[in-house]
Amino acid sequence: MTGYQDTFRASLDDPARFWGAAAEAIDWYQKPTQVLDSSNPPFYRWFPDGTLNTCHNALDRHIDAGHGDRAALIYDSPVTGTTRTYSYGELRDEVARFAGVLAELGVTAGDRVVIYMPMVPEAVIAMLACARIGAVHSVVFGGFAAKELAVRIDDAAPKVIVSASCGIEVARVVEYKPLLDRAIELATHKPDHCVILQRPQATAELGARDVDWATALTAATPRDCVPVAATDPLYILYTSGTTGKPKGVVRDNGGHAVALRWSMANIYDIGPGEVFFTASDVGWVVGHSYIVYAPLLTGATTVLYEGKPVGTPDAGQFWRVIAEHGAKAMFTAPTAFRAIKKEDPKGALLADYDLSRFGCLFLAGERLDPETLRWAQDLLRVPVIDHWWQTETGWPIAANLMGLEPLPVKPGSPTVAVPGWDVQVLDPSGSPAPADTDGAIVLKLPLPPGALPTLWNDDERYVASYLSAFDGYYLTGDGGHLDADGYVFVMGRTDDVINVAGHRLSTGTMEEVLAAHPDVAECAVIGVADTMKGQIPRGFVVLKAGVEADEAELAAELIAMVRDQVGAVASFKEVAVVPALPKTRSGKILRKTMRGIADGADEPIPSTIDDPGVLDKLRPILRR
Ligand code: COA
Ligand code: AMP
């Protein structure tokens with residue numbers, strides 16, 4: 001069984017056999033005797049009686065096999081002028097000691113630890129240390145503001161929070177500690193302790209609950225890996241839903257390890273000892289899966305890059321990293337390539353570097369526009385692979401499987417369904433849509449290992465959000481179609497989730513912030529097309545009767561509120577005061593119609609519209 005079609009069929013015809021075989025690549029304390037537990041649909045469990053430790057599989061196992069000197073993690077930080085390589089042995093020792101720090105602070109198996117950190121090795125060390133002692137980490141992206149962090153603290157209820165004194169952005173040092181303190185103040189749940197990594201760019205003042213990372217590490221006793229059930233949670237990762245409340249995506253230990261190990265070989269064509277460079281952030285799923293877990297589970301070398309594609313200091317940094325560390329493949333978001341293209345349209349900076357060991361570029365996180373695809377192909381002269389997935393799925397749903405059987409690229413398509421994923425397109429009645437016809441992209445249950453088994457403490461929301469639209473299917477929230485060759489075309493979200501520079505955000509969260517302004521009666525935030533960031537949010541507010549606000553002043557206040565409460569990463573920079581918002585007769589704001597008009601589409605006016613005149617007045621503002 002070598003080709004794509006055979007492998008894909010085998011994975012759907014007999015998932016237990018397929019994933020049972022894949023599980024051989026993982027070290028188990030107790031080998032699972034059952035592969036898939038389907039006894040309680042729609043809740044499925046993979047490897048229900050297996051026990052393992054993810055940290056053991058990511059680190060100790062390679063050392064035990066004699067590879068302790070192999071590079072595990074290369075920290076490359078142009079913003080601090082640092083490069084440091086950790087061998088598997090060194091990384092394991094740091095992780096074991098930090099596991100000791102957590103254990104000595106009272107963290108035991110099943111306890112949650114929130115990690116709010118910039119792109120430093122200590123973030124990875126903290127994640128793996130949790131895995132080592134069976135604790136559940138929840139990494140919160142450093143670009144989120146205090147309020148967003150507070151919401152996550154309340155939901156995850158961590159015993160300990162691990163953070164740093166600061167992160168480094170292009171033009172400024174971002175002090176994390178005041179944001180953390182503010183978040184804890186806002187949250188109802190209080191952690192017992194915060195472990196703070198002091199960075200020289202801005203040191204933080206430590207309070208009674210705080211513990212200094214370096215001091216604690218020196219004093220700690222290293223801990224060994226503890227066996228956990230395959231079905232025990234490894235982490236919770238919050239992602240934007242359509243409401244203001246983020247969804248706590250749960251990842252289990254067993255299915256995750258098996259799926260990621262399989263994906264590394266079959267999708268990314270990366271084996272032990274090879275160098276993989278993912279330019280994302282550990283706060284996103286891409287960072288969890290392909291900066292941290294998949295490369296290390298494989299025994300490969302991962303690059304942790306603290307910098308941006310441009311501006312730190314130039315648009316040649318990706319090429320420098322690839323060349324200096326000998327990366328065989330890199331993974332980033334299309335927006336990063338658009339940013340490079342804007343700064344260096346001819347790719348002149350590439351000439352300074354030797355990319356002879358570089359074999360493939362993987363892009364995901366948002367739709368790969370054909371122009372960016374062509375630019376990257378022409379410049380790099382290696383395969384450029386679009387692939388599609390989500391925080392919830394944990395690894396790619398559709399891809400061109402470079403380690404299995406590379407297929408011809410069709411611009412605009414992330415190629416075909418990955419083995420394990422039964423990708424279908426349904427029309428609103430739930431019938432399969434014909435080829436080339438857009439509909440809801442769904443995944444037939446059971447989802448393969450590695451996909452979310454549920455939402456943290458909220459089975460009901462898991463079912464309501466993903467499984468209730470079409471019985472027996474997981475709703476991806478993306479619309480699109482399959483062509484006659486089975487290629488998947490993902491056209492965009494069908495809900496109010498937006499994607500700004502590869503960052504998934506909820507317009508609902510931004511609306512909650514705007515609605516809290518005393519002058520605002522109602523509001524809508526929509527994502528509109530942007531040539532660089534893919535999408536950016538635009539806000540529309542209706543003032544309360546009798547309010548006569550200075551529009552520019554109000555807009556500035558609202559923009560500052562979103563920056564303060566959601567984070568700079570939302571890139572919320574445009575808000576207009578409008579007389580009214582277009583609605584259906586039942587009072588639902590017609591956001592999709594507004595979005596279509598703003599994007600210049602020939603948007604049909606829904607028959608359910610209450611007052612077409614409202615939309616007519618809004619049209620010139622939307623079109624700008
Ligand atoms: N901590 C604090 N602030 C952060 C942050 C972090 N971890 N990450 C971003 N921000 C801030 C930025 O400083 C910026 O603030 P500003 O408004 O004061 O300039 C704002 O959030 C927006 O940041 P960003 O989205 O990075 O936009 P940018 O205009 O600075 O850069 C790109 C544009 C395209 C270079 C950048 O978005 C990028 O590298 N995107 C790739 C994203 C990616 O890898 N996504 C992961 C999915 S694979
Ligand atoms: P996230 O959960 O942050 O990974 O965001 C997932 C969403 O990003 C998906 O539901 C899609 O809307 C979008 N997305 C990710 N990858 C792609 C891709 N290759 N093509 C189109 N959209 C994508």
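Just so you know, ligand 1 is whichever comes first in the structure, and atom 1 is the first atom listed for that ligand. All values derive from a computational prediction rather than experimental measurement. Excluded from the calculations below are hydrogen atoms, water molecules and symmetry mates; all remaining heavy atoms, backbone and side chain alike, are included.
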ask   = Which of parallel (below 30°), tilted (30 to 60°) and perpendicular (above 60°) describes Phe318 and Phe277?
value = perpendicular
ask   = Out of curiosity, is Gly365 lining ligand 2, as in a heavy atom under 4.0 Å away?
value = yes
task = Kindly identify the option in Lys308, His503, Arg504 whose heavy atom sits closest to atom 25 (O) of ligand 1.
result = His503
task = May I ask you to identify, for Arg338, whether its side chain, its backbone, both or neither come under 4.0 Å of ligand 1 on a heavy-atom basis?
result = neither
Tyr116, portion touching ligand 1 at heavy-atom distance under 4.0 Å = neither
ask   = How does Trp389 reach ligand 2, by side chain, by backbone, by both or by neither, if only non-hydrogen atoms under 4.0 Å count?
value = backbone
inquiry  = Residue-level breakdown please: for Lys573 versus ligand 1, do any non-hydrogen atoms fall below 4.0 Å on the side chain, on the backbone, on both, or on neither?
reply    = side chain
ask   = Just checking, Arg152 and Phe144: is the charged tip under 6.0 Å from the six-membered ring centre and within 45° of the axis?
value = yes
query = Nearest protein heavy atom to atom 36 (C) of ligand 1: under 4.0 Å?
reply = no
inquiry  = Would Glu392 count as being in polar contact with ligand 2, using the rule that some N or O on each side must be under 3.5 angstrom apart?
reply    = no
inquiry  = Under 4.0 Å from atom 32 (C) of ligand 1, can you find at least one protein heavy atom?
reply    = no
inquiry  = Pairing donors with acceptors under 3.5 angstrom, does anything connect the side chains of Arg320 and Tyr353?
reply    = no
query = Relative to ligand 2, is Thr391 under 4.0 angstrom through side chain, backbone, both or neither, heavy atoms considered?
reply = both
note = Within the 4.0 Å heavy-atom cut-off, what Met532 brings close to ligand 1 is neither
task = For atom 43 (C) of ligand 1, state which one of Ala336, Ala501, Gly311, Ala171 supplies the nearest heavy atom.
result = Ala501
request  = Heavy-atom distances under 4.0 Å are what count here, so tell me which part of Asn499 touches ligand 2: side chain, backbone, both or neither.
outcome  = side chain
N/O separation below 3.5 Å, Thr476 to ligand 2 = no
request  = Could you tell me whether Glu512 and Lys245 make a salt bridge, using a distance below 4.0 angstrom between a side-chain N and a carboxylate O?
outcome  = no
ask   = Hey, would you say the His288 and His137 ring centroids sit under 6.0 Å apart?
value = yes
ask   = Parallel, tilted or perpendicular: which fits the ring planes of Phe362 and His387, with parallel below 30° and perpendicular above 60°?
value = perpendicular
ask   = Would a 4.0 Å cut-off, counted as strictly less than, catch a protein heavy atom around atom 19 (O) of ligand 1?
value = no
query = Quick one: which of Val285, Thr335, Ile168 has a heavy atom closest to atom 40 (N) of ligand 1?
reply = Thr335
key: Within-shell test, Phe141 vs ligand 1, heavy atom, strictly < 4.0 Å   = yes
request  = Establish whether atom 16 (P) of ligand 1 and some protein heavy atom are separated by less than 4.0 angstrom.
outcome  = yes
Non-hydrogen side-chain atoms of Ile536 and Phe572 separated by less than 4.5 Å = no
task = Could you list the residues that satisfy salt bridge (charged side-chain N to carboxylate O under 4.0 Å, His left out) with Lys341, not counting sequence neighbours?
result = Glu371
request  = Identify the two heavy atoms, one from Ala315 and one from Glu343, that lie closest to each other, and give their separation to 0.1 Å.
outcome  = CB-CB, 3.7 Å
Ala279, portion touching ligand 1 at heavy-atom distance under 4.0 Å = backbone
query = Where the closest heavy atom to atom 2 (C) of ligand 1 is concerned, which of Gly143, Ser280, Gly365 has it?
reply = Gly143
